[in-house]
Amino acid sequence: MSLKTFHIVFIVLSILLSFGVSYWGFSQYNLSKGLTEAGLGVGFFLVGGLLIFYLIHILKKLKSL
């Protein structure tokens, strides 16, 4: 596996993990109504979105290499 492929796979797995933690945080918020869980859900949702933008940027950059 090349370094480019590993980097892309690692970013995709990080996106899935961050949205998974976000879902978990929101589901825990529905049960307990705690601000910590809501913050966790929002924070990891934002991280997942930023990772998507990063993935798009990296794919454009790697296409030119």
Side-chain angles (χ1 to χ4, degrees):
M1 179 183 299
S2 71
L3 188 58
K4 292 178 191 179
T5 306
F6 175 76
H7 193 79
I8 291 169
V9 168
F10 187 76
I11 294 170
V12 169
L13 289 176
S14 298
I15 290 169
L16 293 174
L17 180 64
S18 65
F19 283 132
V21 172
S22 176
Y23 174 77
W24 177 79
F26 285 130
S27 66
Q28 290 300 309
Y29 172 73
N30 285 334
L31 295 174
S32 67
K33 304 296 185 208
L35 291 179
T36 304
E37 291 84 0
L40 198 70
V42 170
F44 274 96
F45 187 79
L46 292 174
V47 168
L50 289 173
L51 282 170
I52 289 173
F53 285 119
Y54 178 68
L55 178 63
I56 292 168
H57 174 73
I58 287 297
L59 289 175
K60 287 180 183 176
K61 189 169 186 160
L62 290 178
K63 187 181 279 189
S64 67
L65 291 180

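All residue numbers refer to positions in the sequence shown, counting from 1.
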>> Just checking Leu3: does its CG atom have more than 12 heavy atoms from other residues, nucleotides or ligands closer to it than 6.0 angstrom?
In response: no

> Around Leu13, counting heavy atoms of other residues, nucleotides and ligands shown, do more than 12 lie under 6.0 Å from its CG?
Replying inline: yes

>> Go through it in stages, so that I can follow the logic: the residues are His7 and Ile11, the test is side chain to side chain contact (heavy atoms under 4.5 Å, CB included), and I'd like the CA-CA distance, side-chain angles, deciding distance and then a yes or no.
In response: CA-CA 6 Å; His7 193 79; Ile11 294 170; 3.3 Å; yes

> When clusters are formed by joining ILVMFWY residues with side-chain heavy atoms under 4.5 Å apart, either directly or through shared neighbours, do Ile15 and Leu46 land in the same one?
Replying inline: no

> If you group Ile, Leu, Val, Met, Phe, Trp and Tyr by side-chain heavy-atom gaps below 4.5 Å, do Leu55 and Phe45 land in one group?
Replying inline: yes

>> With a 4.5 Å cut-off on side-chain heavy-atom distances among I, L, V, M, F, W and Y, is there a chain of contacts connecting Val42 to Val21?
In response: no

> Taking it one step at a time, do Ile8 and Leu62 satisfy side chain to side chain contact (heavy atoms under 4.5 Å, CB included)?
Replying inline: CA-CA 10 Å; Ile8 291 169; Leu62 290 178; 4.0 Å; yes

> For the ring pair Phe19 and Phe44, is the centre-to-centre distance below 6.0 Å?
Replying inline: no

>> With clusters defined by side-chain heavy atoms of hydrophobic residues (ILVMFWY) lying less than 4.5 Å apart, directly or transitively, does Leu50 cluster with Ile56?
In response: no

>> Could you measure the distance from the CG atom of Leu31 to the CZ atom of Phe26? Nearest 0.5 Å is fine.
In response: 14.0 Å

>> Tell me whether Val47 shares a hydrophobic cluster with Leu16, the cluster being built from Ile, Leu, Val, Met, Phe, Trp, Tyr side chains joined at under 4.5 Å.
In response: yes

>> Test your reading of the model: is there a side-chain donor-acceptor pair from Ser22 to the backbone of Ser18, 3.5 Å cut-off?
In response: no

> Cationic tip of Lys33 within the cone over Tyr29's six-membered ring, i.e. under 6.0 Å and within 45° of the normal?
Replying inline: yes

